[in-house]
Every structure is written in structure tokens, then in C-alpha cells.
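What follows is one structure encoded as C-alpha cells, with my remarks underneath.
Order of appearance sets the numbers: ligands from 1, and atoms from 1 within every ligand.
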Amino acid sequence: MSFYITTPIYYTNDVPHIGHAYTTIACDILARYNKLLGKEVYFLTGTDEHGQKVEKSAKDANVNPKEFVDKLSINFKKLVLDLDCEIDDFIRTTEPRHIKAAQFLWNKLLENDQIYLSNYEGWYSIRDEAFYLENELTKVDGKFKTKSGSSVEWVKEESYFFKLSKWEDKLIQFYENNPDAISPKTRYNEVLSFIKGGLKDLSISRTTFEWGVKVPNNNKHVMYVWIDALCNYLTSIGYPDINNDKFIKFWPAIHIVGKDILRFHAVFWPAFLMAADIDPPKKIYAHGWWTNEGQKISKSIGNVIDPYEIINEFGLDQFRYFLFREVPFGNDGDFSKKSIANRVNADLSNNFGNLVQRISTFIVKNCNSSINPTNNLNNDDKELIKNLDKKFNDYKNYMNNQQIDKSIKSVMELLSLTNVYVDEQAPWSLKKTDKERMQVVLFVVVNIIIKSSIMLFPIIPKSTKKILSMFNMDINNINFNKFDLLISKNIIIDSPSPIFPRIL
Ligand code: ME8
């Protein structure tokens, strides 16, 4: 089984911020989870380096566009690694392999009679790199603005068009037959009603600036940045060679995107693909939008959240955990330092960390650092193990549907139950009265700590690896295979150290 997951490729017009980190970590979590299931995973991210917006930013910085993107792309690549994301490829749209793929896709569309030359006249937002109809705009201080507040300019130029209107029925049919192809459900409904409202042909080339992939056989035109950008998902797996192993194994992909760019992915992209005789994506998941203490994150307000600042203050896994436990994936979320501290203290320090710390130190002190497997379980133990099985199933069902927050919550509930079990069983009292029973209780708890660590590994990989190595587990081969049999051997505990210190 294979699993292909992508982030949007980010514009190289500025430094990365919390929003970019969010989508990339989401994909890393889902990629790591699918690896635990034993699937062959391909995880792609990269940078979107063409278009008017990037060209303008380069001009403002007084640098030529190529030099400009070379410099900015490095920050995005570095962030991926600093977020501990295990990618398989980092694509840049200025690379020769991508220009070749984008031009091939264009020619394919031309060959399939999906493109024609005409004139475009209408509103264009450089910030959104999108065309707008007048009824999608509102007048603010005498000037038209988009819903998100972007300025628009009137564009009048010769342009190639993609016959999007021709794909209306096919798209409706595709989504009606594949109701899971867009998630969450509200986004699916939104896209379907947009398509049913009627699709107009789409302008897919520009002549008034230079910074883009040249249209084959007409150098006056550069491709609309979105047709170039979307094609990255194909380039990485070897397009135009659709018969190569990677393409056969991994296409179609699951695209994780912010809700701002859903229409490009769920309307334009599948239409381009079908028009080029390629299967549409398996799924498009549109997540919500982060605000900063209630305000939209924006450079002009000056409230852009730098992921490095948060990581330095709270720790990487604490940051990853907060982003995906605090807010249901798909909903909007509000960021504040107070809420990260509260969440980390409640879940990671008081619940998970506390359990690991008290059990491991107890075993080191009282059991010569070692616990033996046993079958001598009483009803309380069996009840807790039943809960482990149930929460593991819930966790998988949620993860399979990208409900990351709910899957984390299942593990946290299991850990809370385990803390209650420890209090009730009181191994510190059993030490004096029934040493054999004490061993059983510790065995059950160690079992749950190890399995919870594996379940939480996709979300907080560094910390769970530390815990697993503390319990002498093989951290180079973490997976759900033989999950039931994990603790069939004697467990030796290495010197315990606090994993999640409380944030003061
Ligand atoms: O749109 N909250 O690139 P981009 C959550 N190049 N996520 C956010 C966010 C926020 N406040 N801000 C940004 C582009 N994001 C195109 C994509 S794909 C073929 C081309 C995330 O640099 C979110 O994933 O503007 C959003 O969709 C993406 O960054 C936009 O990145």
C-alpha cells in the first residue's frame, strides 16, 4: 500500500510563518502515521517561485527574481528540517525538471483541445494570484477589495484560456461519486455548490510580466502561476514519464491545503488533470486558519508569528502538540502563548510526563530497573487493557480521517485512565504487601506507556523516541506491526529523565 501526501508549495515572497509550519507538520504527522501502518509513504513540499507577486517582491528588494527566490527558498527548506519533518522531496518550481513538466502538461492540454487564445479583461489580485468577478468584490474607500481584503487591479491583455466550463458536469459527477474526495464535509459542500453555480473558462497565461514558465511556442506569454504551481505534484514523481515506478506507485496524491486555496485544488486542478488524461487527486483536505490573539495574521498589522520564536520558548514537540491538539484540524484556531502553556502543562507535563516519570523512577528504585512480562491479570488490569484496545482503534479511525485532534485526545484519555489506575492500585503500597501484584501493575502501565508513545510518535517524534529508548525499545523500527506482542520480553529501564518540564 502506498500513500502520497503534499503540502502546498509556499510563495518565496517572504519568510515562512506559523501557517506554513502548520500545514507542513500536519503532513508530517499523517506521513509518519501511515508509515507506522506499514505503508510506503512519499511526502512532498517545496516552494512556488514564479508569478507577479514574487516578481514584485524581488523588485521591491532590488534583486533579480532568481537571486531573490534562491535566497528565500532556503528558509522554507530549513524550516522543514527544523520542524523535524521527514520529507521525501523538496521541489522548487524554478528547477529545470519542473519547467519541463509544466510545459509538457501545457502541450498535452493543447493537444487535447483544452486551450484557446483570446483576450482577458477583468480584476486580478496579485496577493492572491487570482482572477475575480466583480460580484465577488466589495468597495472599500472607493476601491474594490476581495473578501480577504486584497487589492485588485484591472487587467486587459491577450491570454490563453483553459476550457474550464466544459468540465462542470464531469467535476460534479466525480465529486458525487467520491464524496470523500474533499474534506471536511462543509468544504465538500462549498466546492460542489460553487461548481453547480457555473464555471467560466479560466485565463491561464499573462503577457504583462516575465517571471514565469514560458508558454511553449509563444514566448510572449508566461503561464498563469497556478497552472505552473499545481503541476509540482506531478513533477516530483517523475511527470511527464507517467510509466515510471514512482508515478505508478504514488499517484493520485492527498493534498493538504489551507482553506484559502481550496478552489484552486478542488476545481481547477482536477479539471486540468482530467483534461490531460490523468486521474484527479485522491483527496483534498482543507484545514482552517490561525489567527494571533483573535487577529488575522498579517505583515501590515505586524503580528506574524515566527515559528522559531515559539520553538525556542516552548520546545519543538510542545509546539507540534499544541497546534494539533488544541484546534480540530479543519477549524480555525487562535494562537496565544498562554494557551500553549496551559495545553502543554495539562496534557504533556501533568498527564503523560507525570505517568512516565513516576513509573520509571519507581521501577528503577524498587525493581532493579527491570519488569517481567506476565499473564496474571486481574479484572482491573483487563479493564484497562480493554480500554487500550478501544482507544487504539479510535485513534486509528480518527487518523484515517485526518481528525488529528481527536486521535490525540483518545491517547490522552487512555493516559488519564492509566494515571487513575496507578493511584488506585498504589504500587508503593503493594511494595510492602504484595510484590508480585506490584510487578503486574507496573507491567500493565509500562505496556500502556510504550504503546501510547508509539501512537503519539507521529505528533511528538523526538520526545516519544526519548521515552521509548528509556524503555529500551528499538527506536529505529517504530511501527504498529506486532503491536500486541510488544511487551513479550523483559523491559529494562534506563536512567529516567523528565521529558516535559512544566512551563511556568
Ligand atoms: O498559496 N493559518 O502559497 P502561500 C493556517 N503558492 N495556514 C496558513 C496560514 C494561516 N494563517 N497562512 C498560510 C500559496 N497558511 C501558493 C500555493 S500550491 C500548488 C500553491 C498555509 O505561501 C496554508 O496551507 O500563500 C495555506 O494554504 C498556505 O500556507 C498558503 O501559502
Taking the six-membered ring for Trp, are [X] and [Y] closer than 6.0 Å centroid to centroid?
{"X": "Tyr160", "Y": "Trp106", "answer": "yes"}
{"X": "Phe319", "Y": "Phe314", "answer": "no"}
{"X": "Phe264", "Y": "Trp269", "answer": "no"}

Determine the sole option in Tyr120, Phe131, Phe162 for which the ring-ring contact (aromatic ring centres under 6.0 Å, His included) test with Tyr224 is passed.
Phe131

Salt bridge (charged side-chain N to carboxylate O under 4.0 Å, His left out) contacts in which one or both residues fall within residues 319-328, not counting sequence neighbours
Asp28-Arg320, Arg325-Asp347, Glu326-Arg343

Residue by residue, ordered by chain and number, which ones reach under 4.0 Å of ligand 1 with a heavy atom?
Pro8, Ile9, Tyr10, Tyr11, His17, Gly19, His20, Thr23, Asp48, Trp226, Ala229, Leu230, Asn232, Tyr233, Gly258, Asp260, Ile261, His265, His287, Gly288, Trp289, Trp290

side-chain contact (heavy atoms from CB on, under 4.5 Å) partner of Met399, chosen from Asp394, Ile459, Ile408
Ile459

